[in-house]
**Student:** 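Got a structure here, written out as structure tokens. Questions coming.
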Amino acid sequence: MSKKKKTIWRLWAKALGDKSGKNDREADTIAGIRTIILICYMVTNVAIVANAVRHWNDVDYQTKPQVSSDKSYR
């Protein structure tokens, strides 16, 4: 890996949390797993927000509301 990529990876791994593992290879594996988990969280949150925005004002104006003519509720 080039020096710039190593520096970026090192900063990213530190941003994910404390260095875990017995050696650098294990720490890199743990940082990779944390990255995958973060990506899953982000994809899930984008899907939830997109669904909320899509159905934000989801009113069917073509159908009339049904009014019950049953007056037994009084």
**Student:** Count the heavy atoms belonging to other residues, nucleotides or ligands that lie under 6.0 Å from CG of Asp18, then report whether that count exceeds 12.
**Tutor:** no
**Student:** Who are the side-chain hydrogen bond (donor to acceptor under 3.5 Å, both in side chains) partners of Arg34, not counting sequence neighbours?
**Tutor:** Ser20
**Student:** Less than 3.5 Å apart, which donor and acceptor atoms pair up between the side chains of residues 21-30 and the rest of the protein, not counting sequence neighbours?
**Tutor:**
residue	atom	partner	partner atom	Å
Asn23	OD1	Arg25	N	3.3
Asn23	OD1	Glu26	N	2.9
Asp24	OD1	Lys19	NZ	2.6
Asp28	OD1	Trp9	NE1	3.0
Thr29	OG1	Arg25	O	3.0

**Student:** Pick from Val46, Asn51, Val53: which one makes a side-chain contact (heavy atoms from CB on, under 4.5 Å) with Val49?
**Tutor:** Val53
**Student:** What distance separates Thr35 OG1 from Leu16 CG, expressed to the nearest 0.5 Å?
**Tutor:** 4.5 Å
